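Note sheet for the following structure.
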Amino acid sequence: MQILTLHEQEELELQLIKQELESGGVVVIPTETVYGLAANAFNEQAVNKIFEVKGRPKDNPLIVHISNVNMLNELVQEVPAKAKKLMDKFWPGPLTLVMKKQDILPDAVTCGLNTVGIRMPKHKLALKIIETVGFPLAAPSANLSGRPSPTEVSHCVEDLGEKVNFIVDGGRCEVGVESTVLLVAEEPFVILRPGIINQKQIEDVLQEKVLVNDGLQPKEDRIVKSPGVKYKHYAPKAEVLLIVGDFKEFKNYVETEADLKMCAMVFENEMNNFSVKCFSYGKQSEPESLAKNIFTILRQVDKENYKRVFVHMPKQNAETLVIWNRLIRAANFKLINLNKR
Ligand code: AMP
Ligand code: MG
């Protein structure tokens, strides 16, 4: 496996990547959300390789990444006018739009659904790679299925280093959580997976309400519409325990329950108050900073061999829904509400 940086030998390295993708291989590429495991979306065998390499369930469809809107013509039957408004506002960026697919797109990408999720990533290298190869790339996150999503090259090496020929280094992912997935193939539009682009921002552009599958309960009929959200996800080896409560309650709980094999994930201003090791995931007032650090910290918790991590949860609202959605899966829905005791 080779890590490519695309700094000094950019042309040469782009050609290596192009050859690999043209010949049906898979390549790990950076995006602004998380690292992706990419293959030619029109090559069924290459797409199947993604599922094999990740150990991804065969009914969990892939998002297709494009570098310009002309690529939509061969992928979707039509772009609804309202969806176009969202593209104008949020592309390139972390918003996936699910539209009616064209028949020529292999079923392997969409797992037999008649819709396809598409987005234009914002990361310079992702755009350059797609532009260079000239075809759309199907790409889920570049982790082993079920593990925390990869936000740094080292995470990809850890999970897939022996299974891929090339990993492109794009530095630390700026957003750190996967895209918002919005179903626009039918109305009303539905957020199938919350992301950093939230319900309010989408409604502001559309000037109308959208529905949201927040994914905060273990079983809901949303799983029928977005198969991927039903699986255990994002989980480190350590047990994750989510805690709701003010700082004092949280601190008391952790100090009573924790031993040296346990750690806590807390807000920046709460550090240095605990007898156990703490990881700061940012300021409660800046949900984007919290989101960016979630997966990086969950991986670090494993690296340092902690058996359990207590997570101090932010107040739940439209902006923090993405954090809740990911952490509640990582915790396998284990949540303790200290306010209710
Ligand atoms: P990943 O790329 O691993 O972050 O997962 C992609 C997510 O997008 C999963 O939750 C899928 O269920 C969802 N998704 C992709 N394509 C579709 C589609 N055609 N319809 C509904 N959900 C989709
Ligand atoms: Mg994933």
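Note that ligands are numbered from 1 as they come in the structure, with each ligand's atoms numbered from 1 the same way. As the structure is a computational prediction, the values presented were derived from the model and not from experiment.
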Next item on the list: Could you label the plane-to-plane angle of the Phe250 and His312 rings as parallel, tilted or perpendicular, counting under 30° as parallel and over 60° as perpendicular?
Entry: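 Parallel: the ring planes of Phe250 and His312 meet at under 30°.
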Check: Do Lys58's NZ or CZ and the ring of Phe51 fall within the cation-pi criteria of under 6.0 Å and 45°?
Finding: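 Yes, cation above the ring, under 6.0 Å and within 45°.
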Checklist line | Pair listing, side chain to side chain donor-acceptor pair (under 3.5 Å) test, anchored in residues 64-75, at least two apart | finding: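 Matches after skipping sequence neighbours: Ser67-Glu131.
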Next item on the list: Please say which of Lys54, Arg56, His155 ends up in a side chain to side chain contact (heavy atoms under 4.5 Å, CB included) with Asn143.
Entry: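 Answer to the side chain to side chain contact (heavy atoms under 4.5 Å, CB included) test with Asn143 among Lys54, Arg56, His155: Lys54.
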Next item on the list: Give, for atom OH of Tyr281 and atom CG of Asn293, the distance between the pair rounded to the nearest 0.5 Å.
Entry: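 Going from the OH atom of Tyr281 to the CG atom of Asn293 covers 10.0 Å.
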Checklist line | Sole candidate of Lys200, Gln201, Gln207 that passes side chain to side chain donor-acceptor pair (under 3.5 Å) when paired with Asp204 | finding: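 Going through the options one by one, the only one that passes is Lys200.
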Using a 4.0 Å heavy-atom cut-off, which part of [X] comes near ligand 1: side chain, backbone, both, or neither?
X      : value
Thr115 : both
Lys101 : neither
Leu183 : neither
Thr96  : neither

Check: Is a donor on one side and an acceptor on the other found under 3.5 Å between the side chain of Lys49 and the backbone of Gly24?
Finding: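 Here the side-chain-to-backbone pair exists.
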Note to self: Does the residue Thr110 have a heavy-atom contact with ligand 1, meaning some pair of atoms that are separated by less than 4.0 Å?
What the structure shows: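 Thr110 does not count as a contact of ligand 1 under the 4.0 Å cut-off.
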Margin query: Looking at ligand 1, is there an atom of it that comes within less than 4.0 Å of some heavy atom belonging to Arg56?
Written below: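 It does; at least one heavy atom falls under 4.0 Å.
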Checklist line | Protein N, O or S within less than 2.8 Å of the Mg ion (ligand 2), waters excluded | finding: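 Atoms qualifying: Ser141 OG.
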Next item on the list: Name the option, out of Ala138, Ser179, Pro61, that contains the heavy atom nearest to atom 17 (C) of ligand 1.
Entry: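 Residue with the shortest heavy-atom distance to the ligand atom: Pro61.
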Please table the atom pairs, donor to acceptor, closer than 3.5 Å between any side-chain atom in residues 259-268 and protein atoms at least two apart or in another chain.
| from | atom 1 | to | atom 2 | distance (Å) |
| --- | --- | --- | --- | --- |
| Asp259 | OD1 | Lys261 | N | 2.7 |

Checklist line | Any pair counted as salt bridge (charged side-chain N to carboxylate O under 4.0 Å, His left out), so long as it reaches residues 24-44, sequence neighbours left out | finding: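 For residues 24-44, and leaving out neighbouring residues, the salt bridge (charged side-chain N to carboxylate O under 4.0 Å, His left out) pairs sorted by first residue read Glu32-Arg119.
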Notebook entry, point to check: Do any nitrogen or oxygen atoms of Arg193 lie less than 3.5 angstrom from nitrogen or oxygen atoms of ligand 1?
Noted result: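 The answer is yes, given that Arg193 and ligand 1 share an N or O pair closer than 3.5 Å.
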